[in-house]
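To start, the structure under review is shown below, and the notes come after it.
Quick caveat, the model's predicted, so the values are computed rather than measured.
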Amino acid sequence: MSTENEKLQKFISAVNEEIDAKVSRLLEEAEAEKESIISAAKAESESVSAKYAASEQKKNGSRYVKDISKAELEMKKDVLRRREELCDKVFDAVEKRLSDYRKTNAYADGLVKALLLMNVGSGSEIRLAPEDMKLAEVLKRIVKAEDVTFAADSSIKLGGFSVYSKEKHTIVDKTFDIAVEEQRSAFINSNAFAN
């Protein structure tokens, strides 16, 4: 029996290492892409700003101040639009990679690992994306609790699962949707495109 436990622990450890490596690689690639995009945007902004400032210095005082103020406002609006576009681009790439990941056996292994680590109580409902319901039978064998049901949840778009405990009236959300949304919010709030 302990040999089976050791094998299970080795399997879980191997899956954890593979997932951690993939997540690290994705984050490094996203960070490198973000830095490249930010660098290009800053260079373009500085070039445009320098050209505009040089031509405006030739004009008289009050008109100069008014025009510069208007240009700065337009540049700030443009920077905000570009920030949003770049943020969308980064997270569209993340969502595409998640979509590709869901097509692999590693995705199913990751769901199995996550369920093994959770203490799913009796009478719980595990909610999956409708297209992931094909994994329900495999996952059902992993859960040790009784009367656990699986249901399709159309609000889950990117994968993962959530567990609703009918007894405790709680939901544990392990969906990629919430993880991506939290990362997007943190990315925006970190002022990643600040000067």
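Classification of the Phe91-Phe187 ring pair by plane angle, with boundaries at 30° and 60°, yields perpendicular.
Within a 6.0 Å sphere centred on NZ of Lys70, other residues, nucleotides and ligands contribute 12 heavy atoms or fewer. The local environment of NZ in Lys166 is crowded, with over 12 non-hydrogen atoms from other residues, nucleotides or ligands closer than 6.0 Å. Residue-environment remark: CG (Asp100) exceeds the threshold of 12 foreign heavy atoms within 6.0 Å.
Contact record, Ser165 with Ser124: CA-OG, 4.0 Å, taken as the closest heavy-atom pair. Listed here is the closest heavy atom pair of Pro130 and Ala152: CA-CB, 4.0 Å. Here the closest heavy-atom approach between residue Lys157 and residue Arg102 is recorded as O-NH1, 2.9 Å. Of all non-hydrogen atoms in Phe176 and Tyr107, the two that sit nearest each other are CE1-CE1, 3.6 Å.
No chain of hydrophobic side-chain contacts below 4.5 Å, direct or via other Ile, Leu, Val, Met, Phe, Trp or Tyr residues, connects Tyr164 to Phe161.
Interatomic distance, Asp153 CG to Thr175 OG1, rounded to the nearest 0.5 Å: 8.5 Å. Separating the CG atom in Leu111 from the NZ atom in Lys174 is a distance of 12.0 Å, to the nearest 0.5 Å. With rounding to the nearest 0.5 angstrom, the CG atom of Leu116 is 9.5 Å from the CG atom of Leu139. Expressed to the nearest 0.5 Å, how far CG of Asp177 lies from CD of Glu181 amounts to 9.0 Å. Taking CG from Leu135 and CZ from Phe150, the interatomic distance works out to 9.5 Å, rounded to the nearest 0.5 Å.
Each of Ile156, Leu158, Asp173 was checked for a side-chain contact (heavy atoms from CB on, under 4.5 Å) with Ile178, and the lone residue meeting it is Asp173.
Under the side-chain contact (heavy atoms from CB on, under 4.5 Å) criterion, Ala151 pairs with Glu125, not counting sequence neighbours. Qualifying salt bridge (Lys or Arg N to Asp or Glu O under 4.0 Å) partners for Arg141, counting only residues two or more places apart in sequence or in other chains: none.
Asp88 and Arg184 are joined by a salt bridge, as a carboxylate oxygen and a charged side-chain nitrogen come within less than 4.0 angstrom of each other. Residues Asp78 and Arg82 are paired through a salt bridge, judged by an N-O separation under 4.0 Å between the basic side chain and the carboxylate. Between Asp92 and Lys96 there is no salt bridge, since no side-chain N of the basic residue sits under 4.0 Å from a carboxylate O of the acidic one.
Leu98 is listed as a side-chain neighbour of Val94, based on a closest heavy-atom distance under 4.5 Å.
For the pair Thr104 (side chain) and Tyr101 (backbone), a donor-acceptor distance under 3.5 Å is present.
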